[in-house]
Peer 1: 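I'd like to ask you about the structure that follows.
A note on names: the letters A, B, ... follow the listed sequences, proteins ahead of strands, and every chain is numbered from 1.
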Amino acid sequence: MSVDTTVVKCSECASRNLVYDDNRGERHCGDCGIVLEQDIIDASPEWRNFNQEGNQTDRSRVGAPATNLLHDKGLMTDIDWQDRDFSGALIRNRSQLYRMRKWQRRSKIKGSRQKNLSTALMKIRSLCSKLDLSKTVQERAADIYKKALFADLVRGRSIDTMVCASIFIANQQLQTARTVDDIAKIARIGPKEIGRTYREVKRKLGIRTPLPTPTIYVDRFCNALALQTKIQRDAYDIIRRAEELEMNDGKSPSGIAAAAIYIASQVGGQPRTQREIAEVSNVTEVTIRNRYKQLADSLNIEVNL
DNA sequence: AAATTAGGTTACGCGAC
DNA sequence: GTCGCCAAACCTAATTT
């Protein structure tokens with residue numbers, strides 16, 4: 001396995017301050033936080049296996065993959081309370097067994113952290129599935145929660161709030177276009193509290209996230225509006241041209257995305273009303289109007305109604 | 001459905017309280 | 001933890017085209 005070392009500077013901000021994270025197997029920019037390389041660690045199946053049947057088509061490794069979503073990464077084996085081995089015979093060296101249990105206790109229930117972690121991970125799993133978020137996002141959220149927990153940031157805060165904050169930050173990093181409100185609504189937690197918490201976590205842990213761009217919303221909105229991929233491409237194009245003219249700074253990315261989709265849908269012969277787009281994008285019709293007028297104006301696009 | 005208008009509300013980081 | 005800072009961007013709501 002070889003590590004690709006061709007990437008030497010950030011594609012976004014041209015910084016050379018690249019950070020290699022061994023745990024995640026990825027390289028990201030130390031300045032803007034964008035992930036440049038992923039899956040550097042090779043988790044693919046072994047080239048061949050060595051079982052008795054000589055089965056050469058099954059190249060899988062043994063056992064479930066290691067995951068952040070279980071508090072012991074799914075790799076821990078329990079030691080039974082009985083002083084017997086698997087066949088039921090008494091084990092003679094009881095003191096040794098005692099020592100083994102002691103170590104297991106220490107590693108498993110260190111204070112209350114592991115317990116806290118396992119309940120938090122359950123909540124992350126259930127919330128993420130309700131939010132239609134991929135395994136990748138779940139793993140990242142779990143990772144962030146764990147770091148926050150060991151940095152003592154959960155003390156005096158509810159697990160739920162911290163879970164939401166972790167999920168939101170994971171979203172930002174992986175550009176999955178969910179808002180604090182989306183999460184707050186499903187978790188039934190105040191959005192302000194989540195906002196306050198996720199900001200503190202980011203600051204204390206030194207987590208940086210890529211700047212949000214309108215493009216990350218296009219996919220989701222177009223799907224929700226049942227628009228053809230041609231319309232979607234047109235919307236991307238409009239956003240790209242707007243970015244070249246530096247028109248997007250300070251505006252809400254979802255508003256730009258909504259406006260671009262509106263224009264593309266009208267011009268492309270698959271019209272959607274401002275009302276419909278406002279619905280799926282969580283942006284008002286007024287904002288869509290303002291944005292789309294400005295966009296159509298600057299880009300010389302005719303939108304006839 | 002879309003446009004217009006007017007007026008109230010938010011988000012941001014940071015320091016002071 | 002909250003307040004205040006501030007302007008622009010955003011929102012709500014009513015009304016008109």
Peer 1: So, is A:Tyr292 near the phosphate of B:dA3, with a side-chain N or O under 4.0 Å from OP1 or OP2?
Peer 2: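 A:Tyr292 to B:dA3 OP1/OP2: side-chain N or O found under 4.0 Å.
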
Peer 1: Would you mind listing every salt bridge (charged side-chain N to carboxylate O under 4.0 Å, His left out) that reaches into residues 174-189 of chain A, with sequence neighbours excluded?
Peer 2: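 Passing the test, one end in residues 174-189 of chain A: A:Asp182-A:Arg220.
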
Peer 1: B:dT9 and C:dC3: how far apart are their P atoms, nearest whole angstrom?
Peer 2: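 Each nucleotide's P atom is 15 Å from the other's.
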
Peer 1: Out of B:dA2, B:dA3, C:dT2, which has the shortest distance to the side chain of A:Lys293?
Peer 2: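 Selected nucleotide (nearest to the side chain): B:dA3.
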
Peer 1: Closest-nucleotide mapping onto DNA chain B: is A:Arg203 or A:Gln274 further toward the 5' terminus? I mean the 5' end.
Peer 2: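 Upstream on the strand: A:Gln274.
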
Peer 1: Within the structure provided, determine whether A:Ile124 and A:Leu121 are in side-chain contact (heavy-atom separation under 4.5 Å).
Peer 2: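 They are in side-chain contact.
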
Peer 1: Going by salt bridge (charged side-chain N to carboxylate O under 4.0 Å, His left out), name the pairs with one or both residues in residues 272-284 of chain A, residues two or more places apart or in two chains.
Peer 2: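 Output for this query lists A:Arg275-A:Glu279.
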
Peer 1: Has A:Thr229 got a side-chain atom pairing as donor or acceptor with A:Gln232's backbone, closer than 3.5 angstrom?
Peer 2: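 Answer holds: no.
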
Peer 1: When you compare the side chain of A:Ile207 with that of A:Gln173, does any pair of heavy atoms fall below 4.5 Å?
Peer 2: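 Yes, their side chains come closer than 4.5 Å.
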
Peer 1: Using a 4.0 Å heavy-atom cut-off to protein, can you give one letter per nucleotide of nucleotides 8-17 of chain C, 5' to 3': B if the base is in contact, S if only the sugar-phosphate is, - if neither?
Peer 2: -SSSBB----

Peer 1: Name the pairs: protein N/O against N/O of nucleotides 9-13 of chain B, kept only if under 3.5 Å.
Peer 2:
| from | atom 1 | to | atom 2 | distance (Å) |
| --- | --- | --- | --- | --- |
| B:dC12 | OP2 | A:Arg199 | NH2 | 3.1 |

Peer 1: Inspect the contact between A:Arg157 and A:Asp152 and indicate whether a charged nitrogen and a carboxylate oxygen are less than 4.0 angstrom apart.
Peer 2: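 No.
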
Peer 1: Sequence neighbours left out, what pairs pass salt bridge (charged side-chain N to carboxylate O under 4.0 Å, His left out) with at least one residue falling in residues 238-250 of chain A?
Peer 2: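 As it turns out, the salt bridge (charged side-chain N to carboxylate O under 4.0 Å, His left out) pairs with a partner in residues 238-250 of chain A, which skip direct neighbours, are A:Asp237-A:Arg240, A:Arg240-A:Glu244.
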
Peer 1: Name all residues meeting the ring pair (Phe, Tyr, Trp, His ring centres under 6.0 Å) criterion together with A:Tyr145; count only those two or more places apart in sequence or in a different chain, and write none if there are none.
Peer 2: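 Counting only residues at least two positions away or on another chain, A:Tyr145 forms no ring pair (Phe, Tyr, Trp, His ring centres under 6.0 Å).
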
